[in-house]
Each structure stands twice: as C-alpha cells, then as structure tokens.
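The first residue of the sequence shown is numbered 1, and numbering continues consecutively from there.
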Amino acid sequence: MITVTITGNLTDDPRSFSTRDGQSGCELRVAVDLPPRGGTGEGPTRYFKVVTFGVMAEHAASSVRKGDRVTVQGYDLTSEAWVSDGGEARSKVAIRAMEIAVSLRWDTLTTGRAVRSAAWAAAKAADPQVQAENAVLAGVTTD
C-alpha cells in the first residue's frame with residue numbers, strides 16, 4: 001500500500017455526495033505549495049483531489065471550508081484524465097483519505113470531544129444501576 005501525506009489549503013468548500021449504495025462521501029480540493037527549484041522565488045503549486053467516506057466524510061463536510069489549511073494522510077493514489085470542453089487534455093491526482101487534520105499554524109480549533117465526554121459522564125452518573133453500585137462501593141472500606 002502507498003501512503004502519502006500532504007499539507008495545503010482548501011481551494012473550495014467540501015463537496016458532499018452519496019455513493020450508489022447510499023454511503024456518504026466528501027470531496028476536497030487541496031492546493032500544495034512546493035518549495036522553489038533553485039532555492040529562490042516561488043515554487044509550483046500542485047492540486048490534489050481528496051476523497052473520504054462515511055463518518056469522516058460527514059465530519060469533513062461540516063468542519064472545514066475554503067482557505068482552511070489541512071493535513072491529509074491517505075492512500076490509493078489514482079490519476080484521473082479527461083478532455084475539457086475546449087479539447088484540452090486535463091488530469092489530476094486523487095487521494096483516498098485515512099486522516100484529515102486541520103492545521104493550527106494560523107488558526108485555532110475547538111473540538112466537541114470534551115463536551116461529548118462530559119455529557120456521557122453525566123448520563124452515566126444518572127443511571128440508577130451506576131448510582132446503586134456507587135452506593136454499595138461507598139460503604140466498602142479496605143484496610
């Protein structure tokens with residue numbers, strides 16, 4: 001398996017779609033600036049299509065927007081080629097994402113994990129079975 005990691009900026013908002021079998025999918029377009037050849041000036045920019053499915057697709061579609069800097073780890077590199085309406089041969093490289101991370105280099109991020117964990121702990125503490133077990137354990141002492 002080929003694994004690749006890219007870091008770049010989204011050139012468009014994510015595009016959500018559904019597969020034929022009803023699975024959710026998300027397509028991102030990432031621009032990666034390469035270092036300049038010869039050490040001076042600006043380097044070339046490469047564009048990658050990133051595709052992901054399932055829960056990660058839903059999270060990506062609701063979390064990132066055009067201009068956001070992301071790091072993508074993926075596999076299944078494919079090349080797509082077509083002829084444009086003007087007769088010009090076009091191509092792009094597509095990556096199937098295993099991980100998508102938002103860069104904190106120029107922005108901040110707040111995840112929902114702490115909120116979800118607190119809600120889960122509160123729900124668990126309200127469970128009558130857990131309350132009964134805690135009452136029993138409160139009366140147990142060890143020497």
Neighbour count >12 (heavy atoms, 6.0 Å) for atom CD, E99: no
Common cluster, V50/L77, ILVMFWY with side-chain heavy-atom separation under 4.5 Å: yes
Inter-residue atom distance K92.NZ - E80.CD, 0.5 Å rounding: 5.5 Å
CD1 (I2) with more than 12 external heavy atoms under 6.0 Å: no
V72 to A97 - nearest heavy-atom pair and separation: CG1-CB, 3.9 Å
Nearest non-hydrogen partners of C26 and A60, listed with the distance: SG-CB, 4.2 Å
CA sep, side-chain torsions, deciding dist, call: I100, L28, side-chain contact (heavy atoms from CB on, under 4.5 Å): CA-CA 10 Å; I100 300 172; L28 308 170; 3.8 Å; yes
Smallest separation among heavy atoms of A31 and T45, with atom names: CB-CG2, 3.9 Å
Check: M98 and Y75 side chains under 4.5 Å, non-hydrogen atoms: yes
Test item: V51 and F17 side chains (from C-beta on) under 4.5 Å apart, heavy atoms: yes
Interatomic distance, E58 atom CD to F53 atom CZ [nearest 0.5 angstrom]: 12.5 Å
Path from V102 to V32 over hydrophobic side-chain contacts below 4.5 Å: yes
Min side-chain heavy-atom separation K66-D13 under 4.5 Å: yes
Note, I95 side chain near I6 side chain (heavy atom, < 4.5 Å): yes
Over 12 foreign heavy atoms within 6.0 Å of CG, D21: yes
Minimum heavy-atom distance E42-P36, with the two atoms named: C-CB, 3.9 Å
Heavy-atom side-chain proximity of R65 to L10 below 4.5 angstrom: no
CZ-OG1 distance between R29 and T11, expressed to the nearest 0.5 angstrom: 4.5 Å
Nearest-0.5 Å distance, CZ of residue R69 to CZ of residue R105: 5.5 Å
Verify same cluster id: V70, V93 (apolar side-chain graph, 4.5 Å): yes
